[in-house]
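Comments concern the structure below.
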Amino acid sequence: MTSFLITLRDLLARLGEGQSTETLHEHWARLLEALVGPYPADASTLMVATDDGLQPVAVLGLPDEVCGRRFTLAAHPRLAAIAAHRGVCRFPPDSPLPDPFDGLIDEDLSDVHDCLGVALRDGDRLTGLLTLDALEQGRLASLDEDELLAAASLLGTCLRLATQLSTTRSRLSEALDAERQPPAPVHWHSPAMRRLDEAIALVAPTDMSVLLHGETGVGKERIVRQLHGRSARHQGPLVQVNCAALPEQLIESELFGHRRGAFSGAIKDHRGHFAMADGGTLMLDEIGELPLALQPKLLRVLQEGEIQPLGSERVQHVDVRIIAVTNRDLAAEVAAGRFREDLYHRLSAFPLEVPALRERREDIPLLAGSFLEENRIRLGLANLRLAEDAELALLGWQWPGNVRELEHTLSRAALRALGDTLAAQREPEDGQRQRLTVRITRQHLDLPATDAPSISAAIQQPTPQIHALPAREDEWTTLRDATDDFQRRHIRRALASHGDNWAATARALGVDSGNLHRLGKRLGLK
C-alpha cells in the first residue's frame with residue numbers, strides 16, 4: 001500500500017502541474033501495478049468513466065488493444081454489475097454474465113476463473129472501475145477486501161481531481177465556453193502521434209492556415225475535425241470540399257458561388273463553399289489538384305477575406321479559416337511550376353505531417369481495439385478477439401493503405417471469423433448471437449505472408465551481434481525460437497539491472513508494462 005500511495009501522490013502532482021490524463025499513460029500503469037501487484041491476478045484494468053462509456057487508461061496482463069476500446073455498461077452486463085455494487089463485486093465461476101476480457105489473458109482460457117471488480121466513485125457519481133481476473137478458480141478468494149476498498153476510495157478521489165483539472169483547463173482554453181467539447185483525444189503510444197497531437201493543441205486555437213500532408217488513408221479528416229473542434233470556431237460550420245472531385249469548369253462556382261444567369265444552366269443563385277463556411281472552417285481536400293488558372297483567385301480570398309460570386313458586381317466579406325489537405329509534395333509541385341509559390345506559402349502557414357501507420361506500429365493495437373469494438377457491436381457479439389497469430393500479422397504488415405486499410409481488413413476478418421464460428425456449431429437461435437465469442441485468426445485477415453515480428457514488437461531492441469554461424473543447415477533454429485531466446489536473455493539482464501522491478505524494466509525497455517508481464521509469462525520468466 002505504501003508504494004501505491006507514493007505513486008498516487010506522484011500522479012496527482014503531475015496533474016497539478018498541468019499534464020493531462022492523456023499524457024500520463026505510463027503513470028496510470030505504474031499506479032495500477034503498485035495497487036494490484038501483490039495480488040495473485042493474471043489481468044487487471046483501471047478504467048475511467050467518460051461521456052461515451054468506460055475508457056481503460058491502464059492494463060496489466062492484457063494486450064494494448066484493450067486500451068483502444070470503449071466499454072459501455074449497456075453492452076457489458078458484468079461491468080454494469082460492478083458499477084452498481086457498493087463493495088467488492090465477485091462473480092461465481094458459473095456466472096452467466098459474459099466477461100469482457102475472456103480470451104485475452106491466455107489462449108487456453110476457460111469459462112471458469114476468478115473475477116471481481118470495484119466501482120470507483122466520487123460520492124454517488126461513477127468515476128471509473130477497477131477489475132481483476134485470475135485464470136484459476138478461487139485464486140482471488142483470500143484477497144483483502146478492506147484494503148482494496150480503501151485503495152478504490154483513493155482512486156475515486158484521484159479520478160475526480162483529474163476530471164476537475166482537465167475540465168478547468170478545457171474551459172479556460174475555450175474562454176469559458178464549454179457548450180461543445182472538442183473531439184476526445186486518443187492515448188497514442190507512438191512518439192510521432194504524440195508530437196502531432198502537441199502541434200494540434202498549439203495551432204488549433206489560432207486562425208492560422210494549416211497545410212495537412214499525409215499518405216492516403218492515414219486519417220487526415222480526423223485531424224481536421226480535431227483542429228476545428230478545438231478552435232474558437234467550433235460552433236461554426238466545418239465545410240469539406242474535395243477539389244479533385246469538382247469538374248474544372250464548375251470549381252469557381254462551387255467555391256465562390258454564382259448568381260442566376262451568370263452562365264448557361266445557372267437558373268438560381270448558389271452559395272459557394274466559402275459562404276457556407278463563413279464563421280467556421282473550410283477544408284480544401286486534394287488542394288494539389290486545384291487548376292493553376294484558379295489559384296490566383298483563391299490567393300486573393302486568403303489575402304483579402306473577400307469573394308465575388310460569378311455574375312455579381314459586389315464583393316462579399318467572409319471569415320473563414322482554411323485547412324488545406326494533400327497527399328502530394330506541394331513544394332515539388334511548386335518547383336515543377338504546377339502550383340503557385342505564393343499560394344503555397346499562404347496555405348502552409350503551419351504545416352502538419354500525419355505519419356504513415358508503418359511509422360507508428362505502437363498504435364496498431366490501439367486502433368485495432370477500437371475497430372474490433374465497433375465490429376463487435378455491429379455484429380451483435382459478446383466478444384470479438386484477436387488470436388496471437390493475427391496480432392503478429394497486424395504488426396508485421398506494412399499497411400500501404402494505412403489506417404483505412406486496417407479498418408477494412410478487420411471488418412472483413414470479423415465477418416469471416418463469425419462465419420467460421422457459426423459453421424462450426426449449430427446456427428444460434430434468434431437472440432443467442434450476443435453470447436458468442438468470436439476469435440479472428442491470421443487466416444481471417446487474409447494478409448500477404450510477412451516475416452511478422454514477435455508479440456513484443458513494441459520493444460525496439462538493437463539487433464543482437466551474431467557471434468557464430470551454424471556449421472550445417474539443419475542446425476538452424478526457427479526464427480520464433482531464436483527471437484524468444486534473445487528476448488528472454490535481454491529481459492533477464494534488464495530485470496537484474498532494475499532490481500527485478502517489472503515496472504522499471506518496462507520503462508527502460510520502452511514497452512507497456514502489461515505487455516511485458518504477458519511476454520514474461522510466455523517466455524517462462526514469471
Side-chain angles (χ1 to χ4, degrees), residues 22 25-26 29 55-59 61-70 103-104 185-197 214-223 353-376 384-414 416-417 439-461 480 483 487 506 509-519 522:
E22 293 80 28
H25 170 78
E26 177 185 349
Q55 168 66 55
V57 293
V59 297
L62 293 168
D64 274 350
E65 59 105 334
V66 173
C67 290
R69 300 188 182 221
R70 297 292 190 277
L104 286 176
V186 180
H187 305 179
W188 299 118
H189 288 176
S190 66
M193 286 303 293
R194 288 181 178 179
R195 288 193 297 269
L196 178 60
D197 275 353
E215 296 179 5
T216 299
V218 293
K220 295 188 287 293
E221 287 189 14
R222 185 191 70 85
I223 303 299
E353 177 80 19
V354 185
L357 187 55
R358 62 182 174 276
E359 298 171 359
R360 51 184 184 107
R361 295 181 183 276
E362 304 97 317
D363 296 328
I364 290 177
L366 294 178
L367 292 165
S370 176
F371 297 143
L372 287 173
E373 184 66 10
E374 291 174 5
N375 281 280
R376 183 195 68 79
L384 181 61
R385 305 299 186 213
L386 280 178
E388 183 179 350
D389 64 342
E391 184 176 353
L392 295 174
L394 294 181
L395 292 171
W397 181 234
Q398 293 299 310
W399 300 110
N402 292 292
V403 178
R404 187 179 301 147
E405 181 187 3
L406 174 63
E407 179 181 9
H408 294 166
T409 296
L410 288 173
S411 295
R412 292 191 297 268
R416 295 187 185 111
R439 186 178 298 277
I440 295 175
T441 67
R442 181 172 188 150
Q443 181 179 359
H444 296 133
L445 295 174
D446 195 27
L447 291 173
T450 59
D451 292 330
S454 70
I455 201 167
S456 61
I459 307 178
Q460 298 177 358
Q461 305 292 357
R480 174 64 176 267
T483 303
Q487 291 177 340
L509 294 177
V511 65
D512 178 78
S513 180
N515 272 356
L516 185 61
H517 278 282
R518 194 156 61 101
L519 179 62
R522 186 174 69 78

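From a predicted model like this one, the values you see are computed outputs, not experimental measurements. Numbers for residues simply follow the sequence, beginning at 1.
A distance-only check finds a donor-acceptor pair linking the side chain of W399 to the backbone of L394 [under 3.5 Å]. For K220 (side chain) and V354 (main-chain N/O), no donor-acceptor pair under 3.5 Å exists by modelled atom type. Although no hydrogens or angles enter the test, the distance criterion places a donor-acceptor pair under 3.5 Å between the side chain of N402 and the main chain of T216.
Contact annotation: the side chain of E362 approaches that of P191 to within less than 4.5 Å [non-hydrogen atoms, C-beta and beyond]. Side-chain contact check for R416 versus D446: some heavy-atom pair is nearer than 4.5 Å.
In this structure, NE2 on H408 lies 10.5 Å from CG on L410, to the nearest 0.5 angstrom. Atom CH2 in W188 sits 11.5 Å away from atom CZ in R194 (nearest 0.5 Å). Between atom CG of residue D197 and atom CD1 of residue I223 there is a gap of 6.5 Å, rounded to the nearest 0.5 Å. Atom NE2 of H189 is separated from atom CG of L366 by 4.5 Å, given to the nearest 0.5 angstrom. Rounding to the nearest 0.5 Å places CZ of R404 at 7.5 Å from CD of E221. With rounding to the nearest 0.5 angstrom, the CG atom of L367 is 6.5 Å from the CG atom of L357.
Nearest heavy atom pair, residue L447 against residue A393, reads CD1-O, 4.0 Å. Scanning both residues, R361 and G396, for their nearest heavy atoms gives NH1-C, 4.1 Å. Taking all atoms of both residues into account, the shortest heavy-atom contact from L384 to R69 is O-NH2, 2.8 Å. Of all the heavy atoms in A356 and V218, the pair that sits closest is CA-CG1, 4.0 Å. In terms of heavy atoms, E353 sits closest to L196 at O-CD1, 3.9 Å. The two residues V59 and P63 come nearest to each other via the heavy atoms CG2-O, 4.2 Å.
Remark: E215 engages R358 in a salt bridge, criterion side-chain N to carboxylate O under 4.0 Å. Using a 4.0 Å cut-off between charged nitrogen and carboxylate oxygen, E373 and R376 count as a salt-bridge pair.
Around atom CD of Q443, no more than 12 heavy atoms belonging to other residues, nucleotides or ligands sit under 6.0 Å away.
Between H444 and T441, the side chains place a donor N or O and an acceptor N or O closer than 3.5 Å (distance only, hydrogens not considered).
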Side chain to side chain contact (heavy atoms under 4.5 Å, CB included) between W397 and I364: does it pass, once the steps are laid out?
CA-CA 11 Å; W397 181 234; I364 290 177; over 6 Å; no
